[in-house]
*Asks:* 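The structure that follows is given in the form of structure tokens.
In what follows, chains are A, B, ... by sequence order, proteins preceding strands, each numbered from 1. Hydrogens, waters and symmetry mates play no part in the numbers below; they use all other heavy atoms, side chains included. Since the structure is predicted, the reported quantities are computational estimates derived from the model, not experimental observations.
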Number of protein chains: 2
Amino acid sequence: MKSCSSNTYHLFFRNLANPLRIDIISLLKEKTMSVTELSKKLNLEQSKISHALSSMKNCNVVESKQNGKQRIYSLNKKTITPILKIIDKHKCRFCKEEIK
Amino acid sequence: MKSCSSNTYHLFFRNLANPLRIDIISLLKEKTMSVTELSKKLNLEQSKISHALSSMKNCNVVESKQNGKQRIYSLNKKTITPILKIIDKHKCRFCKEEIK
DNA sequence: AAGATATATGAATAATATTTCATATGAAAT
DNA sequence: ATTTCATATGAAATATTATTCATATATCTT
């Protein structure tokens, strides 16, 4: 299979290089959720969640479907789950940088 | 296998969320290289390459071995290659954001 | 159609990451 | 032990990205 351009890889990783977006992924691994549901679980204001979901959707990391007034978000498990599994196996103990 | 913490995923992705670091990965996919070699190929100043390699090494994305005055960097293919392959298959056409 | 709820969006501000440049370190050669 | 070449590092300047808040849009209910 042909490789993506560097730019594409960069865009993809950039999307995931954010603690909130990772938290959202963790929740969506379990089940699909609406914006308000995510907002409550993470105790963060709605617009912040919406902004995060918006970039993730742009990059096909999540999908959404309308359900009445709500928009239900789901994870693109085909792509995301195997990547996370590879990282689980990766020796991340060498990631020395701290996050406050 | 046990999942990493959100923080660990974040640190890992953050490391790859950078165009220069992706360019370095692309070169190291082919063969191992010294800092100067990378610097010449990418036509960028040495300290920039060194900074980039430094964070990648922290996160175990690359390794280095000393060779005389040179330090030869190699890619952690075990982790990186399969992740890039998954992204190759991912529908990245949805990554709409532009990069200047 | 007016009100209520759910979500999205734009833009200013705040936070974070990268670049640059000067300099330090380290290894080899003379 | 001094010079040279290769690489690393620190810190200020710059660029990029996220957060916030005000507001817009869209759907449902009455």
Side-chain angles (χ1 to χ4, degrees), chain A residues 6-7 9-25 27-28 32-59 61-74 94-100, chain B residues 6-7 9-25 27-28 32-59 61-74 94-100:
Chain A
S6 292
N7 200 9
Y9 290 132
H10 169 208
L11 286 168
F12 182 84
F13 289 125
R14 194 173 66 166
N15 232 280
L16 300 178
N18 175 289
L20 170 56
R21 299 205 277 262
I22 295 291
D23 285 341
I24 290 174
I25 285 174
L27 289 173
L28 295 182
T32 66
M33 289 193 198
S34 71
V35 178
T36 301
E37 217 173 341
L38 286 165
S39 179
K40 279 180 184 157
K41 288 252 188 194
L42 294 169
N43 196 30
L44 292 171
E45 71 158 317
Q46 170 268 319
S47 80
K48 207 173 163 182
I49 306 289
S50 279
H51 278 298
L53 287 167
S54 163
S55 18
M56 291 167 98
K57 196 177 176 186
N58 269 344
C59 211
V61 168
V62 299
E63 288 179 341
S64 72
K65 62 170 198 279
Q66 197 79 26
N67 177 266
K69 291 181 240 181
Q70 299 185 118
R71 208 160 288 184
I72 307 294
Y73 281 86
S74 59
F94 293 126
C95 297
K96 291 198 199 99
E97 288 177 79
E98 288 286 312
I99 287 205
K100 54 266 118 236
Chain B
S6 291
N7 199 8
Y9 289 132
H10 168 208
L11 286 168
F12 183 84
F13 289 125
R14 194 172 66 166
N15 231 278
L16 300 177
N18 175 289
L20 169 56
R21 297 203 280 263
I22 295 292
D23 284 341
I24 290 174
I25 285 174
L27 289 174
L28 294 183
T32 65
M33 289 193 198
S34 71
V35 177
T36 300
E37 217 172 340
L38 287 165
S39 180
K40 279 180 184 159
K41 288 250 189 197
L42 294 168
N43 197 28
L44 292 170
E45 72 158 314
Q46 171 268 319
S47 80
K48 208 173 165 183
I49 305 289
S50 278
H51 278 299
L53 287 168
S54 162
S55 19
M56 293 167 99
K57 198 178 174 183
N58 270 342
C59 213
V61 168
V62 299
E63 290 179 338
S64 71
K65 62 169 198 282
Q66 197 78 27
N67 178 267
K69 292 182 237 181
Q70 298 185 116
R71 208 161 288 185
I72 307 296
Y73 281 85
S74 59
F94 293 126
C95 298
K96 291 199 199 97
E97 290 176 78
E98 288 286 314
I99 288 207
K100 55 263 119 239

*Asks:* Between S39(A) (side chain only) and L44(A) (backbone N and O only), is there a donor and an acceptor less than 3.5 Å apart?
*Replies:* yes
*Asks:* Considering only heavy atoms and no angle criterion, is a donor-acceptor pair shorter than 3.5 Å present between the side chain of H51(A) and the base of dT17(D)?
*Replies:* no
*Asks:* Can you measure H10(B) atom NE2 to dA18(D) atom C1' for me and round it to whole angstrom units?
*Replies:* 11 Å
*Asks:* For dA27(C), does the base pair up with any side-chain atom of Q70(B) as donor and acceptor (N or O, under 3.5 Å, distance only)?
*Replies:*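 No such pair is found, so the answer is no.
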*Asks:* In terms of side-chain heavy atoms of T36(B), which of dT7(D), dT20(C), dT7(C) is nearest?
*Replies:*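 For T36(B), the side-chain atoms sit closest to dT7(D).
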*Asks:* Hey, does the side chain of K48(A) come within less than 4.0 Å of dT20(D)'s phosphate (OP1/OP2), counting only N and O?
*Replies:*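 Yes, within the criterion.
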*Asks:* Please report the distance, rounded to the nearest Å, between CG in D23(A) and P in dT19(D).
*Replies:*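 It works out to 11 Å between those atoms.
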*Asks:* Could you report the tightest heavy-atom contact between N15(A) and R21(A), atom names first, then the distance?
*Replies:* O-NE, 2.6 Å
*Asks:* Rounded to whole Å, please give me the gap between CG in N67(A) and C1' in dT27(D).
*Replies:* 11 Å
*Asks:* Should the side chain of Q46(A) and the base of dA8(C) be counted as holding a donor-acceptor pair, with the cut-off at 3.5 Å?
*Replies:* yes
*Asks:* For Q66(B) and G68(B), indicate whether the former's side chain and the latter's backbone hold a donor-acceptor pair under 3.5 Å.
*Replies:* yes
*Asks:* From R14(A) CZ over to L16(B) CG, what is the distance, rounded to the nearest 0.5 angstrom?
*Replies:*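 If we round to the nearest 0.5 Å, R14(A):CZ and L16(B):CG are 14.0 Å apart.
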*Asks:* Closest nucleotide of DNA chain D for S47(A) versus for G68(A): which of these residues is on the 5' side?
*Replies:* S47(A)
*Asks:* Using whole Å, report how far CD1 of I24(B) lies from P of dT18(C).
*Replies:* 12 Å
*Asks:* Between C1' on dA17(C) and CG on L16(B), what's the gap in Å once rounded to a whole number?
*Replies:* 15 Å
*Asks:* Please report, rounded to the nearest Å, how far the P atom of dA8(C) is from the CD1 atom of I72(A).
*Replies:* 11 Å
*Asks:* Taking the side chain as every heavy atom from C-beta outward, state whether M33(B) and I24(B) have any pair of such atoms under 4.5 Å apart.
*Replies:* no
*Asks:* Ignoring the backbone of R14(B), work out which of dT9(C), dA17(C), dT27(D) is nearest its side chain.
*Replies:* dA17(C)
*Asks:* Within the pair Y73(A) and dA6(C), is there a side-chain N or O less than 4.0 Å away from OP1 or OP2?
*Replies:* no
*Asks:* Would you say a side-chain N or O of R21(A) is under 4.0 Å from OP1 or OP2 of dA18(D)?
*Replies:* yes
*Asks:* Given dC21(C), dT7(D), dT7(C), which nucleotide is nearest the side-chain atoms of R71(A)?
*Replies:*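 Nucleotide nearest to R71(A)'s side chain: dT7(C).
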*Asks:* E45(B) has an atom CD; how far is it from atom P of dT18(C), in whole Å?
*Replies:* 15 Å
*Asks:* Side chain of N18(A): nearest nucleotide among dC21(C), dC21(D), dA18(D)?
*Replies:*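 It is dA18(D).
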*Asks:* Q66(B) has a side chain; which of dT9(D), dT19(C), dA27(C) sits nearest to it?
*Replies:* dA27(C)
*Asks:* Strictly by Watson-Crick or wobble contacts shorter than 3.5 Å, is anything paired with dT30(C), and which nucleotide is it?
*Replies:* dA1(D)
*Asks:* Give a yes/no on whether any side-chain N or O of S34(A) is located under 4.0 angstrom from OP1 or OP2 of dT7(C).
*Replies:* yes
*Asks:* Please tell me which of the listed nucleotides, dA6(C), dT7(C), dC21(C), lies nearest to the side chain of K69(A)?
*Replies:* dA6(C)
*Asks:* Taking CE from M56(A) and C1' from dA8(C), how many angstroms apart are they, rounded to a whole number?
*Replies:* 16 Å
*Asks:* Taking C-beta and beyond as the side chain, do N7(A) and I22(B) meet within less than 4.5 Å on heavy atoms?
*Replies:* no
*Asks:* State which of dT9(C), dT9(D), dT19(C) makes the closest approach to the side chain of L20(B).
*Replies:*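 Closest nucleotide among those given: dT19(C).
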